[in-house]
Undergrad: 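Below is the structure I would like to discuss, written out as structure tokens.
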Amino acid sequence: NAGVTQTPKFRVLKTGQSMTLLCAQDMNHEYMYWYRQDPGMGLRLIHYSVGEGTTAKGEVPDGYNVSRLKKQNFLLGLESAAPSQTSVYFCASRRLAGDDEQYFGPGTRLTVT
Amino acid sequence: GESVGLHLPTLSVQEGDNSIINCAYSNSASDYFIWYKQESGKGPQFIIDIRSNMDKRQGQRVTVLLNKTVKHLSLQIAATQPGDSAVYFCAETLIQGAQKLVFGQGTRLTINP
């Protein structure tokens with residue numbers, strides 16, 4: 001199993017550009033999550049999904065959209081990137097069982113100039 | 001503010017000593033707590049978890065203590081090794097449902113030879 005993978009690993013955008021980050025998991029997990037991590041801080045939840053076709057807002061959802069058209073994929077979109085969205089983005093997935101951990105991907109480093 | 005977030009608390013210990021990393025959590029309703037280890041350039045990695053109906057849980061070389069009265073968690077690492085160098089985060093959530101994690105700021109653990 002590859003676990004949780006993220007594409008791309010790095011990206012530089014200009015202000016106002018758009019992009020989509022892809023998260024894929026091969027563990028048949030129901031839950032998927034997108035977090036952002038700013039320097040010297042813990043992760044903050046952007047959006048999450050409890051199953052295919054469903055999404056919900058997390059702690060810091062503004063400026064982002066998500067889609068979960070397939071169970072194994074969770075996409076994070078930035079329609080008009082801003083410098084404040086410069087961050088490292090982590091995806092995670094988890095089984096439905098309550099005591100199972102969230103498995104994190106390796107991260108995408110995004111810089112908006 | 002942002003300047004506070006840029007300076008992670010740091011703990012330096014000698015190789016072979018025991019380490020204790022502390023965390024204050026914010027929500028008295030949280031009933032599930034997790035410690036994560038994050039190495040440079042990688043996603044968080046699960047270390048150990050504890051439910052609110054316990055006050056201590058042990059793993060391999062790690063122990064988590066929970067004090068609900070003062071909303072405090074600690075992670076004890078026995079016989080610290082160079083590979084333990086990383087940033088350690090505590091996270092809190094509700095075990096039922098989507099488990100939206102709320103992360104603490106993190107502590108950087110440095111091992112001196």
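Chain A is the first sequence line, chain B the second, and so forth, proteins listed ahead of strands; every chain is numbered from 1. Every heavy atom of this structure was used, including side-chain atoms; hydrogens, water molecules and symmetry mates were not. Keep in mind that what you see is a predicted model, and the values were worked out from it rather than measured.
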Undergrad: Using 0.5 Å steps for rounding, measure from the OH atom of A:Tyr48 to the CD atom of B:Gln99.
TA: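 It is 11.5 Å, given to the nearest 0.5 Å.
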Undergrad: Is there a chain of hydrophobic side chains (I, L, V, M, F, W, Y, each step under 4.5 Å between heavy atoms) that links A:Tyr89 to A:Leu75?
TA: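 No, separate clusters.
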Undergrad: May I ask you to name which of B:Gly41, B:Cys90, B:Ala98, B:Gly97 has the most heavy-atom pairs under 4.5 Å with chain A?
TA: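 Highest number of pairs under 4.5 Å: B:Ala98.
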Undergrad: Heavy-atom distances under 4.5 Å only: say whether B:Ile34 touches chain A with side chain, backbone, both or neither.
TA: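 Nothing of B:Ile34, per the 4.5 Å heavy-atom cut-off to chain A.
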Undergrad: Would A:Val88 and A:Val60 show up in the same hydrophobic cluster when neighbours are defined by side-chain heavy atoms closer than 4.5 Å?
TA: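 No; A:Val60 is not reachable from A:Val88 via cluster members.
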Undergrad: Side chain, backbone, both or neither: which part of B:Gln45 has a heavy atom under 4.5 Å from chain A?
TA: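 Interface part for B:Gln45: neither.
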Undergrad: Give me the atom names and distance for the closest heavy-atom approach of A:Gly40 to B:Leu8.
TA: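 That closest heavy-atom pairing would be O-CD2, 3.4 Å.
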Undergrad: Select one option (side chain, backbone, both, neither) describing which atoms of A:Tyr103 are under 4.5 Å from chain B's heavy atoms.
TA: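 Looking at A:Tyr103, nothing touches chain B.
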Undergrad: Examine whether an atom of B:Lys42 lies under 4.5 Å from a heavy atom of chain A, and if so say whether it belongs to the side chain, the backbone or both; otherwise answer neither.
TA: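 Contact with chain A: backbone only.
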Undergrad: Considering residues, nucleotides and ligands other than B:Gln14, do more than 12 of their heavy atoms fall under 6.0 Å from its CD?
TA: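 Correct, the count exceeds 12.
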Undergrad: Please check if B:Val64 and B:Phe103 belong to a single hydrophobic cluster, counting links between Ile, Leu, Val, Met, Phe, Trp and Tyr side chain heavy atoms closer than 4.5 Å.
TA: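 Unlinked, B:Val64 and B:Phe103 end up in two clusters.
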Undergrad: So if you build clusters from Ile, Leu, Val, Met, Phe, Trp, Tyr with side-chain heavy-atom gaps below 4.5 Å, do B:Val13 and B:Tyr88 land together?
TA: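 Yes; tracing contacts between hydrophobic side chains, which count when under 4.5 Å, links both residues.
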Undergrad: Taking it one step at a time, do B:Lys100 and A:Tyr31 satisfy side-chain contact (heavy atoms from CB on, under 4.5 Å)?
TA: CA-CA 10 Å; B:Lys100 297 178 285 182; A:Tyr31 290 103; over 6 Å; no
Undergrad: Select, from A:Glu59, A:Gln102, A:Arg44, the one with the greatest count of heavy-atom pairs under 4.5 Å involving chain B.
TA: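 Maximum pair count with chain B is reached by A:Gln102.
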Undergrad: Transitively linked via ILVMFWY side-chain contacts under 4.5 Å: A:Tyr64 with A:Leu13?
TA: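 Yes; tracing contacts between hydrophobic side chains, which count when under 4.5 Å, links both residues.
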Undergrad: For A:Glu79, I'd like to know if atom CD has over 12 heavy atoms of other residues, nucleotides or ligands within 6.0 Å.
TA: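 No, not enclosed.
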Undergrad: Could you state the interatomic distance from CG (B:Leu101) to CG (A:Leu45), rounded to the nearest 0.5 Å?
TA: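 Atom-to-atom, B:Leu101:CG and A:Leu45:CG are 8.0 Å apart.
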Undergrad: With a 4.5 Å limit on heavy-atom distance, are the side chains of B:Gln38 and A:Phe90 in contact?
TA: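 Touching, per the 4.5 Å side-chain cut-off.
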Undergrad: Is the ring centre of B:Phe46 less than 6.0 Å from the ring centre of A:Phe104?
TA: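 No - the distance between ring centres of B:Phe46 and A:Phe104 does not fall below the 6.0 Å cut-off.
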